[in-house]
Amino acid sequence: MYTQGLDQAGKGDSPKSGGETKEQLDAFQARIDAEEKIEAKDWMPEAYRKTLIRQISQHAHSEIIGMQPEGNWLTRAPSLKRKAILVAKIQDEAGHGLYLYSAAETLGVSRDQMVADLLSGKAKYSSIFNYPTLTWADIGAIGWLVDGAAIMNQIPLCRCSYGPYSRAMIRVCKEESFHQRQGYEIMLTLCRGTPEQKAMAQDALNRFWWPSLMMFGPNDSASKHSAQSMAWKIKRFSNDELRQKFIDVTVPQADFLGLTVPDEKLRQNKETGHYEHSDIDWQEFFDVISGNGPCNETRMAKRRKAHDDGAWVREAARAYAAKKAEASAAA
Amino acid sequence: MTKQEWPLYEVFIRSKSGLSHRHAGSVHAADDEMALNNARDTYTRRNEGVSIWVVRSDSIVASDPAESSAFFEPAEDKIYRHPTFYDIPDEVDNL
């Protein structure tokens, strides 16, 4: 999902344990099993802390980078109403990033460190934001599919065992529904418009369908850290379970729009009720997440430039605060 | 780098009058005024509050979770502080 980087088989080290005793680990697991929430200053195994720092910061980075594909259409939104909506949505993405950085900081990592890790390329963000937004319909497809997939993943995260993360996700989920509905409404408007507009919507679905399915991360059989995250109740459902759920609810929505999901093998299994689908092109997924997607370089270049261009503002605010503090001390 | 980071503030929001302020999260800001503005923009984009408190995170004094059983122990054995401790015959009303 927004934290797929964690799931890569064979990549990245498993967080090391911090020399905890078996009694400590058992007592901790007992709290988790009893559905107790873990709070910031509570004792926790080092690996639990590190896993959460990685997951929450990757999630935050995804929200921040996620502003770019949408920002691409801000000045070209088809009406003032759509523009105002898009600005509000992008502001929400920034807000979500900030809730999450705030949650990660409770685990003892500094905001500056997280930002530095994003800018240096050490930290990952979701593969989905490395695809370009070529037409206005892509803004519709992102809201409908990308935010739809995000909701699927984030609702169980509201029950995550770590209190600050769970509370941040509750806040995010409240706002995410607006994102998905406005996206679907864009698609609906296009599909009820001219044949060219409908074709534009179909094209956006064609390009965003598979990358959206990849958001859920590798198949369960290839997902390296899943078992431990499940035991710690950071993760509640497996990648494949969530992906299936997403497909099952999304295909009828595409049918309603009169659009065709770009998968010839897609069909509903009458017995299970679930949709069966073609295999996912995992090579594409690994290429994109390891830096070779269509937009990885431009996304990072833009983020670094924004950070550098903002340096004087951060500097000036600090200088102004220092000056004011001096003046009030003198008075 | 850490030296230059803007200080961290904890944010508390009163969602409507009559309710107490509740912890929402945190923001970084160069000074108190900016902390209030950042808290408003981050945590109340949909009218979630009628009042905001911000306080420097390093100014908060907190009890230690590792010591919590000892810290809260004095209240443990005083069950007579609860109304259910007292047996009152059923015939007695309004008690």
Side-chain angles (χ1 to χ4, degrees), chain A residues 24 31 36-44 87-106 109-116 119 163-165 167-172 174-175 177-178 311 313-328, chain B residues 1-16 19-50 52-73:
Chain A
Q24 284 175 311
R31 289 192 65 193
E36 270 184 50
K37 295 283 183 210
I38 308 302
E39 294 295 342
K41 305 279 189 236
D42 292 355
W43 186 89
M44 63 185 82
V87 174
K89 181 174 190 290
I90 295 170
Q91 282 178 324
D92 277 354
E93 310 297 1
H96 297 175
L98 294 174
Y99 305 156
L100 288 158
Y101 283 132
S102 160
E105 282 176 280
T106 63
V109 62
S110 76
R111 179 82 56 104
D112 276 356
Q113 184 59 52
M114 288 186 277
V115 171
L119 298 182
Y165 191 25
R167 291 192 288 273
M169 292 320 302
I170 290 170
R171 210 170 267 284
V172 167
K174 276 187 191 160
E175 299 177 357
S177 173
F178 141 57
V313 180
R314 295 190 291 277
E315 201 61 48
R318 260 194 308 271
Y320 177 69
K323 202 170 121 187
K324 257 199 338 188
E326 245 173 62
S328 76
Chain B
M1 194 164 198
T2 314
K3 185 173 62 86
Q4 295 186 343
E5 195 172 70
W6 287 348
L8 190 65
Y9 287 77
E10 299 300 320
V11 178
F12 300 83
I13 294 171
R14 186 200 297 284
S15 57
K16 59 179 186 182
L19 298 178
S20 36
H21 286 73
R22 191 172 170 189
H23 185 244
S26 63
V27 292
H28 284 274
D31 59 27
D32 296 354
E33 188 189 346
M34 189 194 281
L36 267 182
N37 289 332
N38 288 356
R40 176 200 57 197
D41 294 344
T42 307
Y43 292 102
T44 61
R45 286 192 305 285
R46 289 175 176 76
N47 292 319
E48 289 95 335
V50 295
I52 299 179
W53 289 346
V54 290
V55 57
R56 284 276 295 255
S57 306
D58 55 16
S59 299
I60 289 182
V61 182
S63 62
D64 179 357
E67 302 292 322
S68 70
S69 50
F71 187 72
F72 293 108
E73 192 274 332

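The sequence lines fix the lettering, A, B, ..., with proteins before strands; numbering per chain opens at 1. Computed from a prediction, not measured in an experiment: that's the story for all the values here.
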Within a reach of under 6.0 Å around NZ of A:Lys41, are more than 12 heavy atoms found that belong to other residues, nucleotides or ligands? no
Check step by step if side chain to side chain contact (heavy atoms under 4.5 Å, CB included) holds for A:Lys174 and B:Arg46. CA-CA 11 Å; A:Lys174 276 187 191 160; B:Arg46 289 175 176 76; over 6 Å; no
Which atoms of A:Arg314 come close to chain B, meaning under 4.5 Å heavy atom to heavy atom: side chain ones, backbone ones, both, or neither? both
Where on A:Glu105 is there a heavy atom nearer than 4.5 Å to chain B: the side chain, the backbone, both, or neither? side chain
What part of A:Tyr101 is in contact with chain B, defined as an atom under 4.5 angstrom from a non-hydrogen atom: side chain, backbone, both or neither? neither
Say you draw a straight line from CE of B:Met34 to CZ of A:Arg318; how long is it, rounded to the nearest 0.5 Å? 10.0 Å
Measuring from atom CZ of A:Arg171 to atom OH of B:Tyr43, what distance do you get when rounded to the nearest 0.5 angstrom? 6.5 Å
B:Arg40 meets the salt bridge (Lys or Arg N to Asp or Glu O under 4.0 Å) criterion, sequence neighbours left out, with none
Over all heavy atoms of both residues, which pair between A:Ser102 and B:Ser26 is shortest? Give the atoms and the distance, please. OG-OG, 2.8 Å
Answer yes or no: does atom CZ of B:Arg22 have more than 12 heavy-atom neighbours from other residues, nucleotides or ligands under 6.0 Å? no
Using a strict threshold of under 4.0 Å (side-chain N to carboxylate O), is an ion pair present between A:Lys323 and B:Asp31? no
Approximate separation, where rounding is to 0.5 Å, of B:Thr42 OG1 and A:Gln91 CD: 10.5 Å
In this structure, are over 12 heavy atoms from other groups packed under 6.0 Å from A:Glu36 atom CD? yes
Among residues 59-72 of chain B, those lying within the under-4.5 Å heavy-atom range of chain A are B:Pro65
Contact origin within A:Lys324 toward chain B - heavy atom pairs under 4.5 Å: side chain
With a 4.5 Å limit on heavy-atom distance, are the side chains of B:His28 and A:Asp112 in contact? no
Which pair of heavy atoms, one from A:Ala317 and one from B:Ala30, lies closest together, and at what distance? O-CB, 3.5 Å
More than 12 heavy atoms of other groups within 6.0 Å of A:Glu326 CD: no
